[in-house]
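Quick note: numbers below take in every heavy atom, side chains included, and nothing from hydrogens, waters or symmetry partners.
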Amino acid sequence: MKVSKRKLLYGSLFILILYVNILSQYVHFLGYLDEIIAIASILYVLTHLRKIDKELFAMLAIIGLMTAIALAGNVIFQYQDSSIAILKDILAFYKLPMTFIALYTWSRNKNLNDAHDVAAKISEISTIVMFIGCVISVFTDIGLSYGVRHGFRTYKFLYSHPTYLVYAFVLISVVLVSEQEKHIKKRKKYYVLHFMVLFCILFSFRDKGFGYIALFFVIMVLLPRRKKVKMRYFVIAGIIALLASYQKLLEYKSWSWSPRNALYMNGLQLALRVFPLGSGFATFNSFLSGEYYSKAYYLFGLERKPGLNPIDYVDAGDAQLPYYYTQFGFIGFILFAVALYLLV
C-alpha cells in the first residue's frame with residue numbers, strides 16, 4: 001500500500017513527539033526539540049501577526065507585559081547576573097503559548113484529516129505494544145520498570161521516567177477519544193483501547209496519572225449519561241482526585257522543609273519582598289535558576305539545602321506555581337491567570 005508523503009510526514013512528526021524522551025536518550029540533539037519548535041513558533045507568529053485572532057493577539061499582549069514585568073525585576077533586584085540564563089528562561093516561558101498560537105493560526109481552515117488518521121493508527125499500535133509490556137512487567141522485571149511503589153513495580157516502558165509515560169498516554173488518550181467519536185459502531189474496540197491506556201497509566205503510579213484517570217472517568221462515563229451537568233458530578237470528580245492524591249498530600253504535610261515545600265513557602269516570601277513586580281527571569285523555581293545559581297536562594301538559606309544548592313539543584317523547578325508568582329509577581333500572576341483563560 002502506497003503511503004503519501006503528507007501522511008509519512010505527519011506520522012514521523014507524531015512519533016517524534018510521542019517518543020522524543022526515548023529517542024533523545026540515543027540521539028542527544030533531540031533533547032532540544034522543544035526549543036527548536038519554540039523558536040520556529042516565535043518566528044511564525046512574528047511573520048503572521050495579521051492572521052492571528054483577536055483573542056490570541058490579546059494573549060500575545062499579556063505575554064509581552066509579563067516579559068516586561070520580569071525583565072524589570074531582573075534590572076531592579078539583580079538576583080540573576082547571567083544574561084544567557086535570562087534569555088534561556090524567556091525562551092522556556094514562550095514555549096507553550098507561542099507554540100499554541102502558531103499551531104492554531106497555521107491549522108485554521110486546513111483539512112487535517114490525514115494527520116488525525118495517522119495519529120490514531122500510531123496511537124492504537126503504541127497502546128497495544130506498551131500494554132503488553134506493562135502486563136509482563138507486572139509479573140516479572142524485564143527492564144521496563146522504575147523502582148517499586150505500593151508493592152508494585154512502576155511502569156515506564158522505555159521512557160527515562162514514568163512521568164513521561166503518563167504524558168505520552170494522555171496524548172494517546174485524547175487522540176483515541178477523538179477517534180471514537182468518528183466511529184460510533186466500533187465503540188467496543190475503543191473501550192478495550194481505553195482500558196489498556198488507563199491500565200498502563202495506573203501502573204505508572206504517578207499522582208498526575210491518577211488525576212487523569214479520575215478526569216477521564218467523569219468526562220467519559222458520568223457526563224455523557226446526563227443531558228445537564230450537575231454540581232454533584234464536579235463534587236464526585238473532586239472526591240476522586242482527592243482520594244487519588246491523599247497519600248501525596250500526607251507526604252507533603254509531613255515535610256517541614258522539603259525542597260517543594262520550601263519553593264512554595266519561600267516563594268511566597270520572595271513574592272512579597274518584590275511586590276508588586278517579580279523577581280525576574282531565571283531567579284526562582286526553575287532548573288535555570290539552579291544551573292545559573294540565583295542570589296534569591298541565599299535570602300532563605302536554600303543554598304544549604306540538598307536539591308536546591310549550587311552543586312545539587314536537581315529539585316529547582318520541582319513546583320509549578322511559584323515560578324509564576326515569584327518571577328512575574330502579583331501583577332504578572334493575574335495576567336498569567338487571564339492568559340490561561342484565553343488558552344482554554
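Side chain of T154 to backbone of Y146: a donor-acceptor contact under 3.5 angstrom is found. Of the possible donor and acceptor atoms, one in the side chain of D141 sits under 3.5 Å from a partner among the backbone N and O of G143. Side chain of Y44 to main chain of M98: no donor-acceptor pair is present (N/O by atom type, distance under 3.5 Å, no hydrogens or angles). A donor-acceptor contact shorter than 3.5 Å links the side chain of T47 to the backbone of L43. Between the side chain of R153 and the main chain of S137, a donor-acceptor pair closer than 3.5 Å is present. With hydrogens and angles disregarded, a donor-acceptor distance shorter than 3.5 Å links the side chain of S294 to the backbone of A296. Within the 3.5 Å criterion, the main-chain N or O of S286 finds a donor-acceptor partner in the side chain of S289. At distances below 3.5 Å, not a single donor-acceptor pair connects side-chain atoms of Q78 with backbone N or O atoms of N74. Here the side chain of Q80 pairs no donor or acceptor atom with the backbone of I86 at under 3.5 angstrom. Between the side chain of R206 and the main chain of T163, no donor-acceptor pair closer than 3.5 Å is present.
Separation of atoms CG (N266) and CZ (F300) is listed at 5.5 Å; rounding is to 0.5 Å. Residue K189 holds its NZ atom at 9.0 Å from CG of L176, rounded to the nearest 0.5 Å. Taken from CD1 in I125 to CD1 in I15, the straight-line distance is 8.5 Å, to the nearest 0.5 Å. Rounding to the nearest 0.5 Å gives a distance of 8.0 Å between OG1 of T99 and CD1 of I42. Between the CD1 atom in I122 and the CD1 atom in I17 there is a gap of 10.0 Å [rounded to 0.5 Å]. The distance from atom CG of D315 to atom CG of L263, rounded to the nearest 0.5 Å, is 8.0 Å.
Hydrophobic clustering, with ILVMFWY side chains joined whenever heavy atoms are under 4.5 angstrom apart, keeps V20 apart from L9. A continuous path of hydrophobic side-chain contacts links F131 to Y190 [ILVMFWY only; heavy atoms under 4.5 Å]. The hydrophobic cluster containing L302 also contains L268, counting ILVMFWY residues as joined when their side-chain heavy atoms lie under 4.5 angstrom apart, directly or transitively. In the hydrophobic clustering of this structure, Y264 does not group with Y313; members are Ile, Leu, Val, Met, Phe, Trp, Tyr whose side-chain heavy atoms approach within less than 4.5 Å, directly or through other members. Residues F210 and V138 fall within the same hydrophobic cluster, defined by Ile, Leu, Val, Met, Phe, Trp and Tyr side chains chained together at heavy-atom separations under 4.5 Å.
Looking at every heavy atom in both residues, L91 comes nearest to A38 through CD1-CB, 3.9 Å. Listed here is the closest heavy atom pair of S160 and N21: N-OD1, 2.8 Å. Across all their heavy atoms, A262 and L308 have their closest contact at CB-CD1, 4.4 Å. Of all the heavy atoms in L158 and Q25, the pair that sits closest is O-NE2, 3.2 Å.
Surrounding OH of Y164 are at most 12 heavy atoms belonging to other residues, nucleotides or ligands under 6.0 Å away. Within 6.0 Å of CD1 on I311 lie no more than 12 heavy atoms contributed by other residues, nucleotides or ligands. The environment of K51 atom NZ is sparse: at most 12 non-hydrogen atoms of other residues, nucleotides or ligands sit within 6.0 angstrom.
In this structure, Y79 and F77 have parallel ring planes: the angle between them is below the 30° cut-off, well short of the 60° mark. In this structure, F199 and F203 have tilted ring planes: the angle between them lies in the 30° to 60° band. In this structure, F281 and F93 have tilted ring planes: the angle between them lies in the 30° to 60° band.
Taking the six-membered ring for Trp and the full ring otherwise, the centers of H116 and Y10 sit at least 6.0 Å from each other. Aromatic ring centres of Y298 and Y293 lie closer together than 6.0 Å.
Between the side chains of Y212 and S173, at least one donor N or O lies within less than 3.5 Å of an accepting N or O. If you check the side chains of S24 and Y32, you find no donor sitting under 3.5 Å from an acceptor.
Under 4.0 Å is where a charged nitrogen must lie from a carboxylate oxygen, and between K305 and D312 no such pair does. Using a 4.0 Å cut-off between a side-chain N of Lys or Arg and a carboxylate O of Asp or Glu, E35 and K95 qualify as a salt bridge.
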### Query
Hey, mind stepping through Y292 and K88 against side chain to side chain donor-acceptor pair (under 3.5 Å) and telling me if it holds?
CA-CA 11 Å; Y292 301 86; K88 284 184 175 181; 3.0 Å; yes

### side chain to side chain contact (heavy atoms under 4.5 Å, CB included) between L193 and Q180, intermediate numbers included
CA-CA 10 Å; L193 289 170; Q180 177 181 323; over 6 Å; no

### Query
Please walk me through it: do I90 and L71 pass side chain to side chain contact (heavy atoms under 4.5 Å, CB included)?
CA-CA 9 Å; I90 290 174; L71 287 175; 4.1 Å; yes

### Message
One pair to check against side chain to side chain contact (heavy atoms under 4.5 Å, CB included): K208 and Y167. What are the steps and the verdict?
### Response
CA-CA 9 Å; K208 54 181 67 69; Y167 290 155; 3.9 Å; yes

### Query
What's the verdict on side chain to side chain contact (heavy atoms under 4.5 Å, CB included) for I101 and F57, showing C-alpha distance, side-chain angles and the deciding distance?
CA-CA 9 Å; I101 293 171; F57 205 88; over 6 Å; no

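When V177, I201, L18 are each tested for a side-chain contact (heavy atoms from CB on, under 4.5 Å) with I172, only one passes: L18.
Proximity of N309 to R304: side-chain heavy atoms (C-beta onward) are nowhere separated by under 4.5 Å. Between F205 and P162, the closest side-chain pair of non-hydrogen atoms is not below 4.5 Å. With contacts defined as side-chain heavy-atom distances shorter than 4.5 Å, the pair K156/S145 does not qualify. In this structure, L60 and L49 have side chains that are in contact, with non-hydrogen atoms separated by less than 4.5 Å.
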Show every donor-acceptor pair shorter than 3.5 Å between a side-chain atom in residues 326-339 and any protein atom, with sequence neighbours excluded, or say none if there are none.
{"from": "T326", "atom 1": "OG1", "to": "P322", "atom 2": "O", "distance (Å)": "2.4"}
{"from": "Q327", "atom 1": "OE1", "to": "A282", "atom 2": "N", "distance (Å)": "3.2"}
{"from": "Q327", "atom 1": "OE1", "to": "T283", "atom 2": "N", "distance (Å)": "3.0"}
{"from": "Q327", "atom 1": "OE1", "to": "F284", "atom 2": "N", "distance (Å)": "3.1"}
{"from": "Q327", "atom 1": "NE2", "to": "D89", "atom 2": "OD2", "distance (Å)": "3.0"}

